[in-house]
Amino acid sequence: PQAIIIPLIIVICAVLRDAGHVEPVSLRRALLSTYLGVIIAIAPWVIRNVTVFKEPVFLSTNAGDNLLIGNHDGATGRYESPGPIIQHEPGLSEPKRDSASRRAAVDYMTAHPWATIKVWPSKIANTFGAPNDATYWGFQKVTDQLVVPGAEDDKKAFLFFKRYGAWHHTFLMLMFVASIFGAIAFRKKLKDKLPVTGWYLIGFTGLLTIVFFGNPRFLYPVLPFVAMYASWMCIQVATSLTVVGQPAGQSPDDLPSEPA
């Protein structure tokens, strides 16, 4: 359900980027047309939910459960099986169970604000800093059953991809963090040339992580933006090194494209 907000972020970023060249009515038109398409896409599922549950249910009945997984006494900041955590009266319908979980999570956060905040770094680390989720799922080879990856004759391959994933992810995230400071340092030179939509979407992912819990899969939808900004930072570093190594007064454009 939280994805409903993504079109709003994209449209606002696009309009703000060209704020001096776009009429105010364009924002209303863009939002109207965007969310008209969203409504058409989700309407069948909303109607199905009302028909099945006999009460209004927007898209899913697990938002409350997910909120409670990340906000309860003993929360680790990562996904946990909801069974031991969610203890409600038996026989509740899915919407009522979801509402009960949401109330329990809100009551806990209200009563224990500092304990709630202390888990935030762990949540962020589990979304942005955990590199091996893809390797784990990539080596699940048994249908309808979770197994320990790399426990058989594929151990060497599993360990290789696990280590490669760890190094690759670490480098990617370091360059992405560096790109944030790089954009600040080059803000006058860049002006409005560096796309900021990706940063807003990545920030939105971080916000959702803090509210619910951390999971490497939450990063996947915005990983292309992370790679884009990390690549931009690598280019900036390479360009700076080129400028440092060339004669005074010569710009990178003056360098020969081919050896003489």
Between Phe139 and Phe161, what is the shortest heavy-atom contact and its length? CZ-CD1, 4.0 Å
Sidechain N-carboxylate O distance under 4.0 Å for Arg102, Asp65: no
Tell me whether His72 contacts the main-chain N or O of Leu68 through its side chain, where contact means a donor paired with an acceptor under 3.5 Å. yes
Are Phe218 and Phe213 close enough that some pair of their side-chain heavy atoms sits under 4.5 Å apart? yes
Find the distance between OH (Tyr200) and CG (Leu207) and round it off to the nearest 0.5 Å. 14.0 Å
So Gln140 and Val147, do their side chains get closer than 4.5 Å, heavy atoms only? yes
Side chains of Val50 and Lys54: does their closest heavy-atom pair fall under 4.5 Å? no
With a 4.5 Å cut-off on side-chain heavy atoms, are Phe176 and Ile202 touching? yes
Kindly indicate whether the side chain of Tyr164, heavy atoms from C-beta on, has any atom under 4.5 Å from the side chain of His169. no
Validation row: Cys234, Phe171 side chains within 4.5 angstrom (heavy atoms): yes
Donor-acceptor contacts under 3.5 Å from residues 105-113 side chains, at least two apart:
residue, atom, partner, partner atom, Å
Thr110, OG1, Val106, O, 2.8
His112, ND1, Tyr108, O, 3.3

Please check: side-chain N/O of Asn71 versus main-chain N/O of Val211, any donor-acceptor pairing under 3.5 Å? yes
Just how far is it from atom CD of Gln236 to atom OG of Ser231, taken to the nearest 0.5 Å? 11.5 Å
Looking at every non-hydrogen atom in both residues, tell me the closest pair between Gly150 and Lys155 and how far apart they are. O-CB, 3.2 Å
Test your reading of the model: is there a side-chain donor-acceptor pair from Thr127 to the backbone of Thr209, 3.5 Å cut-off? no
Quick one: are Tyr229 and Met233 in side-chain contact, heavy atoms under 4.5 Å? no
Is a side-chain donor or acceptor of Ser122 paired with a backbone partner of Thr76 at a separation under 3.5 angstrom? yes
Quick check: does any side chain N or O of Lys123 sit under 3.5 Å from a backbone N or O of Gly77, one acting as donor and the other as acceptor? no
So how far is it from Ile69 CD1 to Asn62 CG, rounded to the nearest 0.5 Å? 8.0 Å
Would you say Ile39 and Val46 are hydrophobically clustered, going by side-chain heavy atoms of ILVMFWY under 4.5 Å? no
How long is the straight-line distance from OG1 of Thr116 back to CD1 of Ile210, given to the nearest 0.5 Å? 12.0 Å
Restricting to non-hydrogen atoms, name the atom on Pro221 and the atom on Pro224 that form the minimum distance, rounded to 0.1 Å. O-CD, 3.7 Å
Okay, side chain of Asn126, backbone of Asn215: is any donor-acceptor separation there less than 3.5 Å? no
Does Pro216 reach the side chain of Trp137, with side-chain heavy atoms less than 4.5 Å apart? no
